[in-house]
Amino acid sequence: MKQHELSTLFEQIANLLEYQGENVFRIRAYRRAAETLATFSGDLDHLATAGRLRELSGIGADLAQKIEEYLTTGQLDAFERLRKTVPSGVLEFLEVPGVGPKLAKVFVDRLKLKTVADLEQAARDGRLRALPGFGGKKEENILKAIGLMKQGRERMTLNVALSLAQQFLTRLREVPGVLNVSTAGSLRRMKETIGDLDLLVAARRPGPVMEAFQRSPWTGRVLAAGMTKASILTTRGLQVDLRVVKPASFGAALQYFTGSKEHNVVLRELAVRKGLKVNEYGVFRVSDRHRLAGTEEADVYRALGLAWIPPELRENNGELEAAKVGRLPTLVEAKDIRGDFHIHTNWSDGADKLEVIVQAGKDRGYEYIAICDHSQSLRIARGMSIERIREQMGILRALNARLTGYQVLLGAEVDILADGSMDYPDEVLADLDFVVGSIHSGFKQSESAITNRILRAIRNPYVTLIAHPTGRLIGEREPYQVNLEAVFQAAKETNTVLEINACPKRLDLCDTAARRAQELGVMLAISTDTHRLTHLDHMAVGLGIARRAWVEPRQLLNCLTRHELLAWIARKRTTLAGHAAPRRVGSRRR
DNA sequence: GCCGTTTTCGGCCCGACTGTTTTCAGTCG
């Protein structure tokens with residue numbers, strides 16, 4: 001958590017320095033450090049204690065010292081001093097799209113404005129157009145930008161972005177002369193939420209493509225449009241950016257517009273050192289401007305002596321170094337996924353019948369799914385009594401007897417109660433094949449209470465997997481206080497699986513936490529937490545997060561064959577069950 | 001402010017679009 005506060009602080013310092021007209025490279029250094037901290041997956045306190053902060057990219061002696069200062073005192077002297085020298089309101093102005101440090105300075109110096117509300121009033125009064133370099137149009141745009149800001153344009157969840165992108169790409173693909181289309185930007189990198197949707201098209205003539213884009217049925221308002229680049233707001237207020245390039249530049253443009261910005265900056269610096277120049281049109285030799293690559297994205301990387309880097313890794317978090325020495329991970333792919341866990345039916349709060357879900361899993365080509373309806377104390381979700389779950393088990397056993405090459409695991413999503421005990425007694429858990437442990441209550445407990453609660457569940461031999469380990473809901477609920485390092489350690493020791501919950505509102509573990517768990521050798525699982533049939537599709541979203549976490553097939557429970565999976569579950573039970581005789585898992589009792 | 005198989009000093013990524021500008025600055029991604 002501390003790294004996010006520090007990241008914001010560094011970003012604000014950069015803004016303030018920019019306002020003061022400081023050295024641009026010094027400003028950039030703060031921005032780069034902010035980005036490093038925002039995506040850092042490890043334990044910052046631990047790193048600081050070990051005196052290893054300077055191992056982070058973009059962190060040198062000075063910034064390391066500032067990080068230590070913040071970790072010990074909870075504030076940053078340099079920031080406090082800087083803030084006093086800059087008029088209040090500046091940071092607020094910089095939040096307005098289209099307003100940078102230069103304009104902010106004019107607003108403060110010439111018009112004595114202090115807040116965005118002042119700015120809005122000044123624009124309405126027509127006072128802005130009197131400023132040098134200002135006209136009516138600029139004034140109008142500022143008012144529009146403030147209006148948009150007030151609406152608080154929300155970021156899209158991944159599933160919304162994916163389907164919106166699909167709609168646009170299908171339309172653009174049909175335009176005559178279009179040779180290639182792709183998503184780019186943060187959607188292609190599968191970031192957990194998407195601000196603007198970026199689309200890229202290869203065509204010989206950009207005109208018809210731009211036209212089709214601006215006149216699409218989903219286009220609400222055109223924000224900007226040039227010959228090859230346009231931005232629109234959809235009728236639902238989501239921003240979509242389109243760029244059209246010549247076919248010969250498609251690979252270079254794809255690389256360029258996929259980002260991340262930090263990844264690209266480092267890539268282009270690498271190019272400069274090799275006497276090359278990278279832009280959205282290709283890779284060029286500086287000496288004679290000869291073009292070395294551009295049509296295919298992989299060629300761009302190859303020209304720089306790098307292996308092609310999967311988009312999900314492009315965050316300047318070690319992927320460039322790995323690509324240089326051929327040590328990129330073999331990321332998990334859709335074809336590696338053999339099953340899904342944590343699926344609800346109308347036996348608790350799901351919408352669909354058991355039989356329908358079971359068939360849907362088979363239709364997707366899965367080898368197994370685990371039916372995991374809620375346990376008794378979660379009344380709001382129609383949690384099942386012990387009698388009910390035993391009844392469900394009977395039905396599933398009968399179903400299984402008729403299936404070949406596909407197995408439905410008898411499971412349950414069992415509440416971890418306030419004291420860390422499970423919501424069903426062990427003799428019920430022992431009869432289940434797959435036990436998901438979850439926290440659905442007591443979110444406000446202290447960090448030690450919640451952590452101990454989860455640790456106790458992890459040490460229960462029958463608990464297979466801990467679901468949504470931090471309990472957050474994106475944009476709605478903060479994660480509860482939990483010591484993830486301790487959870488990872490215990491999970492590793494006990495062969496307990498941690499979930500990457502693929503529900504687009506959850507994504508829990510998140511990418512950085514999952515990467516940390518993966519580094520420590522914890523077994524992970526992607527589960528869709530399906531509550532209706534269409535949610536099974538969220539597997540694609542979970543895959544994106546797993547890939548961002550550098551997860552390989554061998555680290556993912558979903559990639560085990562059915563027999564390997566059953567063996568894995570049994571292993572934990574035999575390791576932890578002590579003197580109790582281990583039960584066979586997945587056996588078809590009568 | 002960071003960083004180094006060209007450098008511990010002197011570099012530090014690149015181009016489109018907008019509005020207002022007769023040649024470009026500011027902002028953005």
Side-chain angles (χ1 to χ4, degrees), chain A residues 10 13-15 17-19 21-36 53-67 78 93-107 128-129 131-142 144-145 184-187 189 194-200 206 210 222-231 239-245 249 252-253 255-284 286 300 304-305 316 324:
Chain A
F10 283 173
I13 289 178
N15 284 340
L17 292 174
E18 196 168 26
Y19 176 81
E22 254 283 354
N23 179 308
V24 292
F25 300 108
R26 185 168 171 231
I27 294 162
R28 188 178 300 170
Y30 275 102
R31 293 244 157 83
R32 184 179 277 198
E35 189 57 36
T36 295
L53 286 172
R54 296 188 60 180
E55 289 175 18
L56 295 172
S57 123
I59 305 293
D62 182 86
L63 291 182
Q65 186 272 322
K66 287 193 167 69
I67 293 172
F93 290 145
L94 294 177
E95 298 284 312
V96 180
V99 176
K102 298 289 192 298
L103 285 182
K105 196 161 175 57
V106 172
F107 295 153
L128 298 189
R129 67 185 71 186
L131 294 168
F134 252 85
K137 192 89 182 197
K138 226 167 185 173
E139 193 171 74
E140 196 179 308
N141 284 342
I142 297 251
K144 275 187 196 164
S186 51
L187 177 60
R189 302 200 312 279
I194 309 297
D196 307 336
L197 196 63
D198 291 304
L199 304 177
L200 184 69
M210 300 296 284
V222 178
L223 296 174
M227 293 286 286
T228 62
K229 194 174 159 182
S231 296
Q239 184 171 335
V240 185
D241 298 337
L242 169 73
R243 184 71 186 263
V244 185
V245 298
S249 295
Q255 194 292 314
Y256 191 95
F257 292 112
T258 295
S260 66
K261 193 174 173 183
E262 293 69 29
H263 173 92
N264 283 358
V265 167
V266 176
L267 193 80
R268 296 198 283 270
E269 285 171 354
L270 184 73
V272 170
R273 285 200 293 277
K274 289 176 180 285
L276 303 172
K277 184 171 86 162
V278 179
N279 57 27
E280 60 259 58
Y281 303 109
V283 181
F284 301 86
V286 173
V300 172
L304 300 171
N316 190 29
K324 216 175 289 179

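In what follows, every chain begins at residue 1, and chains take the letters A, B, ... in the order their sequences are listed. Model, not experiment: these values are computed from the prediction.
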Exercise. Would you say Asn141(A) reaches dG19(B)'s phosphate, i.e. side-chain N/O to OP1/OP2 under 4.0 Å?
Worked result: yes

Problem set entry | Which nucleotide in dT27(B), dG15(B), dG1(B) has an atom nearest any side-chain atom of Asn279(A) | dG15(B)

Exercise. How far does the P atom of dG26(B) sit from the matching atom of dT22(B), given to the nearest Å?
Worked result: 14 Å

Exercise. Given dC13(B), is OP1 or OP2 found less than 4.0 Å from the side-chain N or O atoms of Asn264(A)?
Worked result: no

For this session: With syn defined as a glycosidic angle within 90° of 0 and anti as everything else, classify dT7(B).
Result: syn

For this session: Under 4.0 Å between any heavy atoms, over every strand shown, what does Val278(A) touch: base, sugar-phosphate, or nothing? Just pick one.
Result: sugar-phosphate

Seminar exercise, completed: The residue, Arg243(A) or Lys274(A), whose nearest nucleotide of DNA chain B is more 5′ is Lys274(A)

For this session: From the options dC13(B), dC17(B), dG15(B), select the nucleotide whose nearest atom is closest to the side chain of Ala224(A).
Result: dC17(B)

Problem set entry | Between dA25(B) and dT21(B) - P atom distance, rounded Å | 14 Å

Exercise. Within the structure shown, what part of the strands sits under 4.0 Å from Ile59(A) by heavy-atom distance: base, sugar-phosphate, or nothing?
Worked result: sugar-phosphate

Problem set entry | Whole-Å C1' distance, dT6(B) and dG11(B) | 12 Å

Problem set entry | Side chain of Lys102(A) (C-beta onward), nearest among dG1(B), dG19(B), dG26(B) | dG26(B)

Seminar exercise, completed: Quick note, Glu280(A) side chain, CB onward, closest among dC17(B), dG29(B), dG15(B) is dG15(B)

Exercise. Which nucleotide in the set dT20(B), dG26(B), dC13(B) lies at the smallest distance from any side-chain heavy atom of Val272(A)?
Worked result: dC13(B)

Exercise. In whole Å, what separates the P atom of dG1(B) from that of dT5(B)?
Worked result: 23 Å

Problem set entry | Nearest-angstrom distance from the residue atom CZ of Phe134(A) to C1' of dG26(B) | 10 Å

Problem set entry | Arg32(A) with Glu269(A): basic N within carboxylate O range, under 4.0 Å | yes

Problem set entry | Closest to side chain of Lys229(A), choosing from dG1(B), dT27(B), dC17(B) | dC17(B)

Exercise. Closer than 4.0 Å, any side-chain N/O of Tyr281(A) to the OP1 or OP2 of dA16(B)?
Worked result: yes

Problem set entry | Proximity to the side chain of Lys261(A) - top-ranked nucleotide from dG1(B), dG29(B), dC14(B) | dG29(B)

Exercise. Given atom CG of Leu128(A) and atom P of dT20(B), what is their separation to the nearest angstrom?
Worked result: 11 Å

Exercise. Do the side chains of Val244(A) and Leu242(A) get nearer than 4.5 Å, heavy atoms only?
Worked result: yes

For this session: Would you indicate what Arg32(A) reaches in the nucleic acid, counting non-hydrogen atoms under 4.0 angstrom: base, sugar-phosphate, or nothing?
Result: nothing

Problem set entry | Assigned partner base of dT27(B), Watson-Crick or wobble definition, under 3.5 Å | dA16(B)

Exercise. Measuring from Ile194(A):CD1 to Leu187(A):CG, what's the distance to the nearest 0.5 Å?
Worked result: 5.0 Å

Exercise. Where each residue is assigned the nucleotide of DNA chain B containing its nearest heavy atom, which of Gly226(A) and Glu139(A) is assigned the position nearer the 5′ end?
Worked result: Gly226(A)

Problem set entry | Residue-phosphate contact under 4.0 Å: Thr36(A) side-chain N/O, dC2(B) OP1/OP2 | no

Exercise. Just checking Ala271(A): base, sugar-phosphate only, or nothing, at a heavy-atom cut-off of under 4.0 Å?
Worked result: nothing

Problem set entry | Sugar-phosphate, base or nothing in reach of Ala33(A), heavy atoms under 4.0 Å | nothing

Exercise. Expressed as a whole number of Å, how far does the C1' atom of dC28(B) sit from that of dC13(B)?
Worked result: 14 Å

Exercise. Do Arg54(A) and Ile67(A) come close enough that some side-chain heavy atom pair is under 4.5 Å?
Worked result: no

Problem set entry | OP1 or OP2 of dC13(B) under 4.0 Å from side-chain N/O of Arg268(A) | no

Exercise. P atom, dG15(B) versus dG10(B): distance in rounded Å?
Worked result: 27 Å

Exercise. Under 4.0 Å between a side-chain N/O of Arg28(A) and OP1 or OP2 of dC13(B), yes or no?
Worked result: yes

Problem set entry | From dA16(B), dC12(B), dT27(B), nucleotide with atom closest to Glu269(A) side chain | dC12(B)

Seminar exercise, completed: Side-chain atoms of Tyr256(A) come closest, of dG29(B), dG15(B), dC2(B), to dG29(B)

For this session: State the NZ-CD distance between Lys261(A) and Glu35(A), to the nearest 0.5 angstrom.
Result: 9.5 Å

For this session: For Leu267(A), answer base if it contacts any base atom (sugar-phosphate contacts may also be present), sugar-phosphate if it contacts only those atoms, and nothing otherwise; contact means non-hydrogen atoms under 4.0 Å.
Result: nothing

Exercise. Will you find, in the side chains of Asn264(A) and Glu262(A), an N or O donor that is under 3.5 Å from an N or O acceptor?
Worked result: no

Exercise. With sugar-phosphate meaning primed atoms plus P, OP1 and OP2, does Gly136(A) contact a base, only sugar-phosphate, or nothing at under 4.0 Å between heavy atoms?
Worked result: sugar-phosphate

Problem set entry | Sub-4.5 Å side-chain heavy-atom contact between Pro101(A) and Leu94(A) | yes

For this session: Determine the contact category for Val24(A): base if any of its heavy atoms lies under 4.0 Å from a base atom, sugar-phosphate if only primed atoms, P, OP1 or OP2 are that close, otherwise nothing.
Result: nothing

For this session: Scan Leu103(A), Val99(A), Val106(A) and name whichever one has a side chain to side chain contact (heavy atoms under 4.5 Å, CB included) with Phe93(A).
Result: Val99(A)

